[in-house]
2 protein chains.
Amino acid sequence: MAKAGKTKRAVTWQRDPEGMRLRILEAAKKEFANYGLAGARVDRIAAAAGANKRMLYYHVGNKEDLYLEVLEGAYEKIRTEERELDLEHLEPCDAIARLIEFTWHYFIRNPEFLALLNTENLFRAKHLKRSTKVKSMHSPFVELIRTVVDRGVARGDFQVAMDPVQLYISIASLSFFYLSNSATLSVIFGRDLLKKDARDARLSHMIGLVLASLTGRSAAEFGQPTPASLRNPSPQLA
Amino acid sequence: MAKAGKTKRAVTWQRDPEGMRLRILEAAKKEFANYGLAGARVDRIAAAAGANKRMLYYHVGNKEDLYLEVLEGAYEKIRTEERELDLEHLEPCDAIARLIEFTWHYFIRNPEFLALLNTENLFRAKHLKRSTKVKSMHSPFVELIRTVVDRGVARGDFQVAMDPVQLYISIASLSFFYLSNSATLSVIFGRDLLKKDARDARLSHMIGLVLASLTGRSAAEFGQPTPASLRNPSPQLA
DNA sequence: ACAGTATTTATCCAACGGGTTAATTTCTCT
DNA sequence: AGAGAAATTAACCCGTTGGATAAATACTGT
């Protein structure tokens, strides 16, 4: 409720357009992530933002405009964090491991991002295609991966020069699917895939998988080994 | 329209309850896959099934019952095909490769399955949890993978004994994410990920990735090499 | 042929939900 | 102080949508 001064004359304070806008976008992000575009309710967003429904239309536009802005914001956020990560000076293996860790933790910290991407894919990227904003926000990772892979191959650390796009997609896949589908997978396998132990095991599995395939060394060499409690779990259904 | 005789007395034919039911479920599957649960329209399902809306309620129940039945049907279908695949007698490497290929092609042939899973995960598996039916339909793959991995380790083909659940999830991940998110990924990378060349490249990449990490041999040894046209593509945006 | 049941159709409706209109309040600038 | 613009609120509008009611039609067994 209490808010920091922002505009030049911080005197009287009943209104706060910029703050309102942000609260609307934040509320909308949660709403769209929780219910999808069709399931999202404009009134609920307004209420959560501490606003009137009319405000959405005043500040952002209609439901789809709002959705697109949320989506763009989500891409912008991940691209920003990606850029801050700079991995150029790490050893090839370490760089790849760091990349996997970053992706994994980013998805864990931002589950709405996963949900928004799924929603957007349900619409076959209809909105994304209209967004010049997102299309110009290149992930730095593809080029980064290319140089890391080349470096790794040159040094003899890596055995093959993988297509960086394939590798990038694969790294994203391993985290994304696990987290995005954790609800159904947990039911089917009868174990909680989101508890601490399971998450730790997943991360080292992924690092092992990718690095082993790049280096040709054993997957067991990378990361801490899988805790014994998870090595040979009872199958499906608790 | 014309239908095969089914009940004992195939004489007059204005009505066909079983056929109607199937047509409704088929139409519903497409509708839910295309629009999600919230976006799906009961009237559209009815129309697509060549039926009256009232028929849905007569034959299946309300929208959510219908959805759950579609979901259960989708799981049943993949579990059935999985079971028909039996891979027991293949060499470990071949078995894993076949598993990857099956998963990949199944997802390509059944895009609705991917969409339904995403929808269900949006609901945090709320419906699946209620379904005793699905919970009892174990995928044969986890146990299969366990034996294949053990066999591969025993023969010295594989270097490590991976947790079969992790491996199963990873194999599914690599196909699922690529296909389910192909719309947004295609926009972001500025290339069509679903065209024939790209699909072929993806499949061999996945097989290479997984088998290399299991065997410790180079990823390049498995499957046909990536076509030159895709080895070093221009990055993001056409 | 006829009673009884299963299946299908034709309408209706109340709630919902996105979007709008118009009035009100608060800030800014002079 | 007061006019004009910006922000906010309250109330309404109306097409949509899931679901229900009731009547009609086709099939079954006798």
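Just so you know, these numbers use all the heavy atoms, side chains as well, and skip hydrogens, waters and symmetry mates. Order of the sequence lines sets the chain letters (A, B, ...), proteins ahead of strands, with each chain counted from 1.
Within the structure, every pair that satisfies the side chain to side chain donor-acceptor pair (under 3.5 Å) test and touches residues 55-64 of chain A, not counting sequence neighbours, is listed here: A:Glu64-A:His127. Sorted by first and then second residue, the salt bridge (Lys or Arg N to Asp or Glu O under 4.0 Å) pairs with a member in residues 167-184 of chain A form an empty list; sequence neighbours excluded.
The interatomic distance linking A:Leu66 (CG) with C:dG18 (C1') rounds to 12 Å, in whole Å. Atom pair A:Met55:CE and C:dG18:P shows a separation of 17 Å (rounding to whole Å applied). Atom OH in A:Tyr58 sits about 15 Å away from atom C1' in C:dA22, given to the nearest Å. Per the geometry, CE belonging to B:Met20 stands 15 Å off C1' belonging to D:dA26, to the nearest Å.
OP1 or OP2 of D:dT8 has at least one side-chain nitrogen or oxygen of A:His59 nearer than 4.0 Å.
Comment: A:Glu81 engages A:Arg109 in a salt bridge, judged by a side-chain N to carboxylate O separation of less than 4.0 angstrom.
For B:Arg21, the salt bridge (charged side-chain N to carboxylate O under 4.0 Å, His left out) partners at least two apart in sequence or on another chain are B:Glu69. Shown here are the salt bridge (charged side-chain N to carboxylate O under 4.0 Å, His left out) partners of B:Arg54, two or more places apart in sequence or in another chain: there are none. For A:Asp86, there are no salt bridge (charged side-chain N to carboxylate O under 4.0 Å, His left out) partners, not counting sequence neighbours.
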Heavy-atom protein contacts under 4.0 Å, nucleotides 11-21 of chain D, coded B base, S sugar-phosphate only, - none: ------SBB-B
